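Working notes, beginning with the structure itself.
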Amino acid sequence: MKKLISTIILLCGVTLGVEAQKITSPNGKLSAVTANKQLVISYEKQKVLELTDIPFNQLTFSRKVKDNYQMLEGKQLHCTNKANEYQAPIGQNAKIVMRLYNDGIAFRYEYTNLQNSKVPEEHTAYIIPEGTKRWMQQWSDGYEGFFPMTTTANVKTLGGFGGSMVQKDFNTHWGYPLLMEPVDGVFALITEANIERRQSASSLFNKGEVFNVKQDQNDLLLTGDWHTPWRVVIIGKLADIVQSTLVTDVSEPSKLKDVGWIKPGVVSWIYWANNHGSNDYNIIKKYVDMAVTLHLPYVLIDAEWDEMDKLASNEGKTIEDAVKYAISKGIKPLIWYNSSIGWVNGAPGPKYRLNKPEDREKEFAWCEKIGVAGVKIDFFSGDNQVNMDYCQDLLESAARYHLLVNFHGAPIPRGWQRTYPNLLSTEGVYGAEWYNNVPHFTKKAASHNATLPYTRNVIGPMDYTPCAFSDSQHPHITSKGHELALTVLYESGLQHLADRPESFLAQPQEVQAFLGKLPTVWDETRYVSGYPGESAVLARRSGKTWYVAGINGKDDPQTLVTDLSFLGKKWKKIQVFTDDANDHWQISTTNILPKQISCQPRGGFVLVINK
């Protein structure tokens, strides 16, 4: 097959034709000019992105894209988007399709009449000049790393378990999303979306300033039509980045007819406090009882439940007894599985129950029969095509048995939350679980937490497991207000609360009531203020109630701007949660919207605003 070359370059140039041509997004904020084999993309007349060295003819307008759809979870339930779509041939039986949305661009390569062909080679590349601010995560198959701000690609690899502080050679492999600030106040977030059958995911490899997109292993021989996933760059102010739904905008709609059984919610989670699974029936009961007291809908029974009957203190109790107990208390149980394709040897079980289609169908049918509401599936093996197809097999099979899904130890979401709405959360983040593993999260957590709203959580639900008031294996130094704020700041259809029952039940009644009413889906999300790594203030609406959360990512006190003028002035009640210098709760009510809030070092706050 004729070699097909495609290259995309950030802040440096793309080949698109000879005659000058201007193309725009529907609102005109994004524009692109093609001339002399270059495509120069600008945001509000400021050059942000150029594409170069793609051997095809001039882009031609193909259609206007208008989409209006409903999500079951996410930062915004009712989504609308518009784009202008352009196409250009890039060789025999191949073309590039490019869309200019109001908040970014999306493009993919489409092929027809393939005959037992290998996956076409892709040479997409982004050039990020030295000196450009960027927040990049070293690639790992579980996407669990920090996003430190840097102005260079010359970053040392952090080796060891969980990215311990062992400096090695310069890193050259990066995971999505990658956030950069090419122009002061203008940002671009690079990712991809809409992984389908017969596709692998991709990641970034760099040589100096050139960041190449490389598809992961895909050994299929293709016949007929095939296309890549969408390459996505969200562009604009920080509000545009945070509020964007571009990842789901370009993803396939769900084919499920019956979705009434899909119920997002808050989960009582066992693993964090004990750094252990759920083979102890009596501990499971404590977390079920906590869910009852706090009015949480779910409890997660984590790893090792298949060994429950081996523990003498359980007196022969099994997972079915634990499920029955939860259901008897009105709590819906979720249970854990090892995917058995990633970490297997030495890892907890149950194992090898989901890999074969017939075993998977039998297991999920059993789950539905005994009353399990969902499954957490852990330890995947990266971005390759086999792994991507396996994830989709799991989602489709789980839906047949009305099971919610949380992927853990897994790649980041790339739009499956729209295509498979029973996928309510995905880990793919360095979260509070890491207080169990190595000590260096303690000092980095506040800044890292203030980076995630602009990076990882932009692209989809994030199972960070927030809100730890006590300590696990390693201490934390973020404040109570900071921890509570994470439950609103981070979007996840299943929000797993990390702490132990004794800690939650020792909190003031107002905090307990807050957790019992906490939404996990949002009608609307607004960026209020902040900057990656320094602070983040977001406002999220559920029905007629607005939740505003802010955190300080610094080790010094900081005053956070809370300009909420877009809400109007008439409010019945505003509940304020924050803390003092001694990390004591400061809880009050008012009817005046604050314009700014002073935060302690690594502190935070939550406002609950009711009409």
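Predicted model only: the values in this text are computed from it and were never measured.
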The test is side-chain contact (heavy atoms from CB on, under 4.5 Å); show your working for V232 and I190 and say whether it passes. CA-CA 6 Å; V232 174; I190 301 168; over 6 Å; no

Look at the aromatic rings of F380 and F407 and report parallel, tilted or perpendicular, splitting at 30° and 60°.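 Perpendicular.
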
Take the angle between the ring planes of F146 and H448 and call it parallel below 30°, perpendicular above 60°, tilted in between.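 F146 and H448: perpendicular rings.
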
Given the ring of [Y], does [X] sit roughly above its face, with NZ or CZ under 6.0 Å from the centre of the six-membered ring and within 45° of the axis?
X	Y	value
K285	Y325	yes
K237	F187	no
R418	Y69	yes

Option among Y430, Y271, F441 that satisfies the ring pair (Phe, Tyr, Trp, His ring centres under 6.0 Å) test with Y435: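 With Y435 as partner, ring pair (Phe, Tyr, Trp, His ring centres under 6.0 Å) holds for just one option, F441.
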
Apply the test side-chain contact (heavy atoms from CB on, under 4.5 Å) to residues M71 and Q76: give CA-CA distance (whole Å), side-chain angles for both, the deciding distance (0.1 Å), then the verdict. CA-CA 7 Å; M71 294 287 292; Q76 183 172 317; over 6 Å; no

For the pair [X] (side chain) and [Y] (backbone), establish whether a donor and an acceptor sit closer than 3.5 Å, ignoring hydrogens and angles.
X	Y	result
W305	I335	no
D580	H584	yes
E304	S278	no

Testing R541, K75, K544 one by one against E524 for a salt bridge (Lys or Arg N to Asp or Glu O under 4.0 Å), which residue passes?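 Of all the options given, the one that passes is R541.
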
Decide if the gap between the ring center of [X] and the ring center of [Y] is smaller than 6.0 angstrom.
X	Y	answer
W135	F147	no
W366	Y401	no
F577	F514	yes
W546	F566	yes

Residue pair W272, D499: steps toward the side-chain hydrogen bond (donor to acceptor under 3.5 Å, both in side chains) verdict: CA-CA 7 Å; W272 188 84; D499 214 342; over 6 Å; no

Would you say the side chain of Y390 lies within less than 4.5 Å of the side chain of I341, judging by non-hydrogen atoms?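 Yes, their side chains come closer than 4.5 Å.
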
When the side chains of residues 252-259 are checked against the rest of the protein, which donor-acceptor pairs come out under 3.5 Å, sequence neighbours left out?
| unit_1 | atom_1 | unit_2 | atom_2 | d |
| --- | --- | --- | --- | --- |
| S254 | OG | L256 | N | 3.0 |
| D258 | OD1 | G260 | N | 3.2 |

Using a 6.0 Å cut-off, check whether atom NZ of K351 has over 12 heavy atoms from anything other than its own residue.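 Yes - once you tally the heavy atoms of other residues, nucleotides and ligands closer than 6.0 Å, there are more than 12.
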
